[in-house]
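What follows is a set of notes on a single structure, which appears directly below.
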Amino acid sequence: MTDRAAADGAAELRKQIAQTRSQLGSTVEELAAKTDLRGRAKARAADLRDRAGAMTVQLRSTAAQAGHTVQEKAAHAGHTVQEKAAHAKHTSRSRVEDTRHQLQDRGTHVAEGVQDKVSRAERGVPAPLRAPVGFAMQHPRPVVIVAAVGAVIVVAGVLGRRRASRC
């Protein structure tokens, strides 16, 4: 059994030696890689290029997305402005129509009042004077001119009498 134990021990030693050699090889490779400055710099540069490329793609994507967002917001704002303008146009037209109707109603009311006054005035006027009074009611401008001329004549007469009485 001693031969067997010695054989097992030798096999165990060989296995440990192989494992140690493997570890030593990995350690040597790691040390060689650390001492290879040119290779490390190239690897770092390649890594940085990859990162820069990825960032460029990401930034372009973000910029394109922002551009689409701006276009959508501008289109929405344009639609909102058009809707508000249409609403304002409709509101102003509605107000104009309301005002027009109010003025028509007032005009009709005033005309009815004038006609009522004319008919009352005509009823109070003797028959021979109805035609001249009706003309005067329909054409007030000549009546006002005649009344002004009459007032001037009266004032001139009064002033003439005062002057005559002073002398």
Side-chain angles (χ1 to χ4, degrees), residues 26 29-167:
S26 296
E29 285 178 14
E30 287 177 15
L31 288 174
K34 285 185 180 180
T35 57
D36 183 18
L37 296 179
R38 184 177 282 175
R40 286 176 56 195
K42 285 182 181 180
R44 178 83 172 136
D47 183 46
L48 290 176
R49 269 193 301 272
D50 290 344
R51 282 187 181 176
M55 285 184 150
T56 301
V57 169
Q58 184 179 5
L59 288 174
R60 284 183 182 163
S61 172
T62 303
Q65 187 177 12
H68 292 302
T69 302
V70 167
Q71 285 178 341
E72 288 173 5
K73 287 183 178 182
H76 179 71
H79 291 302
T80 302
V81 167
Q82 286 177 345
E83 289 172 2
K84 287 183 178 181
H87 180 70
K89 181 180 176 182
H90 175 71
T91 302
S92 65
R93 281 187 179 171
S94 176
R95 288 182 182 168
V96 165
E97 282 295 313
D98 290 346
T99 304
R100 186 176 64 82
H101 289 300
Q102 288 175 356
L103 289 175
Q104 283 177 341
D105 292 344
R106 286 182 188 168
T108 303
H109 181 71
V110 168
E112 289 171 355
V114 167
Q115 286 177 349
D116 186 43
K117 287 181 182 180
V118 167
S119 66
R120 276 191 273 145
E122 286 176 347
R123 277 184 262 138
V125 175
L129 295 176
R130 283 192 185 153
V133 169
F135 176 80
M137 294 296 275
Q138 289 178 355
H139 306 288
R141 186 176 288 160
V143 173
V144 170
I145 293 171
V146 169
V149 170
V152 169
I153 292 171
V154 169
V155 169
V158 169
L159 290 177
R161 282 189 185 168
R162 280 189 186 171
R163 283 188 185 161
S165 67
R166 284 188 192 166
C167 293

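All values derive from a computational prediction rather than experimental measurement.
- Remark: Thr80 OG1 to His87 NE2 distance equals 13.5 Å, nearest 0.5 Å.
- Around atom CZ of Arg161, no more than 12 heavy atoms belonging to other residues, nucleotides or ligands sit under 6.0 Å away.
- A donor-acceptor pair is defined here as one N or O able to donate and one able to accept, closer than 3.5 Å; no such pair exists between the side chain of Ser94 and the backbone of His90.
- Arg38 contributes atom CZ, which lies 6.5 Å from atom NZ of Lys42 (distance to the nearest 0.5 angstrom).
- Although no hydrogens or angles enter the test, the distance criterion places a donor-acceptor pair under 3.5 Å between the side chain of Thr62 and the main chain of Gln58.
- Here Asp105 contributes atom CG and Arg100 contributes atom CZ; the two are 10.0 Å apart, rounded to the nearest 0.5 Å.
- Residues satisfying the ring pair (Phe, Tyr, Trp, His ring centres under 6.0 Å) test with His79, not counting sequence neighbours, are none.
- Separating the CD atom in Gln102 from the CZ atom in Arg106 is a distance of 6.0 Å, to the nearest 0.5 Å.
- For Gln104, the CD atom counts as densely surrounded, since its 6.0 Å shell holds more than 12 non-hydrogen atoms of other residues, nucleotides or ligands.
- In this structure, Arg60 CZ and Thr56 OG1 are separated by 6.0 Å, a value rounded to the nearest 0.5 Å.
- Distance check, rounded to the nearest 0.5 Å: CG of Leu48 to CE of Met55 gives 10.0 Å.
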